[in-house]
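Atom set for the values below is all heavy atoms of this structure, side chains included, hydrogens, waters and symmetry mates excluded. We name chains A, B, ... by the order of the sequence lines, and we start the count at 1 in each one. Just so it is clear, the model here is predicted, and its values are computed rather than measured.
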Protein chains: 2
Amino acid sequence: MNKVDADQVVASQLRAVSQRYTNNRRRLVSILLSSSKPLTINQILEVDQGLAQSSVYRNLVVLEEAGSVVRIITNDDHARYELAENILEHHHHIICSPCGEIIDFHLADHVESTLEVSLQEIADQLGFTLDNHRLDLIGTCSSCNSS
Amino acid sequence: MNKVDADQVVASQLRAVSQRYTNNRRRLVSILLSSSKPLTINQILEVDQGLAQSSVYRNLVVLEEAGSVVRIITNDDHARYELAENILEHHHHIICSPCGEIIDFHLADHVESTLEVSLQEIADQLGFTLDNHRLDLIGTCSSCNSS
DNA sequence: GCAATAATGAGAATCATTCTTATTATAAAT
DNA sequence: ATTTATAATAAGAATGATTCTCATTATTGC
């Protein structure tokens, strides 16, 4: 999605939870939009050194509550953030366990839809209401493999 | 897997990393084996009040390094632990986001194998070596739904 | 048995994240 | 436009799960 469209989606999502689309929040969305992968707080602070750490934390919480941002937790003690799937598209993650790096990928359509049918059945059986699913591949990236 | 077999697997995994299968570690394995779901540190300490918190943390790290235990991180600030898949069987998790509760489930065999083929292809394309995959369903359990 | 080495546990230290609060910016109404 | 009310900001303090330290205790090999 391009910047203008993304801004419109975020603006309306924020409005829906009575939050403003302030300058700081625009900067966050812009940073996440131009990244092809989920970023840690520290990575965000490196990209835009004018941002205050506490504001970044708070605003990412607000954006998450609005449904514009998703927080991804891996095993390496630093949460990572990316734009939600109504902005980026549904996708999954492949995670390098040595270095913590994450890359987005898409599943072939027929695999994705087969999977979704199965998952819905399972949720029904267990009495769960389903919000979404996460599929993560855990492995080692080529650069960690060669070092 | 029954207790005797699980003990044997863990014993040999610990031996392989030059660690002892001590009494405290046996108690942890036993607790995890008799639980049908991943447990937090606090839940473990409630079940066996004789264990020291610091030892539980340390021993779970040792067991994780040995490949006997897996640490699961959700969004609720408490890691959960369960036995690895060579002891329990490959499975996935359905997570209740309001209360953090996790339940194990299995995918139908044909769905699981279709998925695995696709995932391997993707990892190959991206130059990753694949260790395993995680599939989590995020939703709301029936008891959270009714309250 | 006796070193030598590893495990234990109590409490201190760490560090990502959240909270507090005074200040600043924004929006609504007149 | 100015005022007023409300929300956002940012610096630093507080929180809390996890990790580290180290003196003590247990275990292994000789």
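Separating the CD1 atom in B:I31 from the CZ atom in B:R26 is a distance of 14.0 Å, to the nearest 0.5 Å. Atoms CD and NE2, on A:E112 and A:H110 in that order, are 11.0 Å from each other to the nearest 0.5 Å. One finds the CD1 atom of A:I122 at 10.0 Å from the NE2 atom of B:H106 (value rounded to the nearest 0.5 Å). The line from CG of A:L14 to OG1 of A:T22 is 8.0 Å long, rounded to the nearest 0.5 Å.
Rounded to an integer number of Å, the gap from A:I41 CD1 to C:dT18 C1' is 12 Å. Computed from coordinates, the B:E65 CD to C:dA7 P distance equals 11 Å when rounded to whole Å. In this structure, A:Y21 places its OH atom 15 Å from P of C:dT26, rounding to the nearest Å. The CD-P distance, from B:Q19 to D:dT28, rounds to 13 Å in whole Å. We find that CG of A:L63 is positioned 13 Å from C1' of D:dA8, with the value rounded to whole Å. Atom pair B:L14:CG and D:dT28:P shows a separation of 13 Å (rounding to whole Å applied). Note: OH (A:Y81) to P (C:dA16) measures 12 Å, nearest angstrom.
Residues B:L63 and B:L83 form no side-chain contact, since every pair of their non-hydrogen atoms from C-beta on lies 4.5 Å or further apart.
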Measure all distances between protein nitrogen or oxygen atoms and nitrogen or oxygen atoms of nucleotides 8-11 of chain C, and list the pairs falling under 3.5 Å.
from   : atom 1 : to    : atom 2 : distance (Å)
C:dT8  : OP1    : B:T22 : OG1    : 2.9
C:dT8  : OP1    : B:N24 : ND2    : 3.3
C:dT8  : OP2    : B:R58 : NH1    : 3.4
C:dT8  : OP2    : B:N59 : OD1    : 3.0
C:dT8  : OP2    : B:N59 : ND2    : 3.1
C:dG9  : OP2    : B:N24 : ND2    : 2.9
C:dG9  : OP2    : B:S55 : OG     : 2.9
C:dG9  : N7     : B:R58 : NH2    : 2.8
C:dA10 : N7     : B:S54 : OG     : 3.0
C:dA10 : N6     : B:S54 : OG     : 3.4

Below 3.5 Å between N/O atoms, which protein atoms pair up with nucleotides 14-17 of chain D? Just atom names and distances, please.
from   : atom 1 : to    : atom 2 : distance (Å)
D:dA17 : O3'    : B:D77 : O      : 3.4

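Atom CG of A:N2 has more than 12 heavy atoms from other residues, nucleotides or ligands within 6.0 Å.
For the helix from C:dG1-D:dC30 to C:dT30-D:dA1, the angle separating the two terminal helix axes comes to 40°, with each axis derived from five pairs and the value rounded to 10°.
Both B:R20 and B:V61 lie close to DNA chain D; mapped to their nearest nucleotides by heavy-atom distance, the more 5′-ward contact belongs to B:V61.
Side-chain polar atoms of A:N145 and A:T140 form no donor-acceptor pair below 3.5 angstrom. Between the side chains of A:D124 and A:Q120, at least one donor N or O sits under 3.5 Å from an acceptor N or O.
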Query - Pair A:S30-A:K3, side-chain contact (heavy atoms from CB on, under 4.5 Å): steps then yes or no - result: CA-CA 7 Å; A:S30 170; A:K3 185 158 179 11; 3.9 Å; yes

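Using a cut-off of 4.0 Å between Lys/Arg side-chain N and Asp/Glu carboxylate O, A:E101 and A:K37 are scored as salt-bridged.
Under the 30°/60° scheme for interplanar angles, the aromatic rings of B:H133 and B:H90 are found to stand perpendicular.
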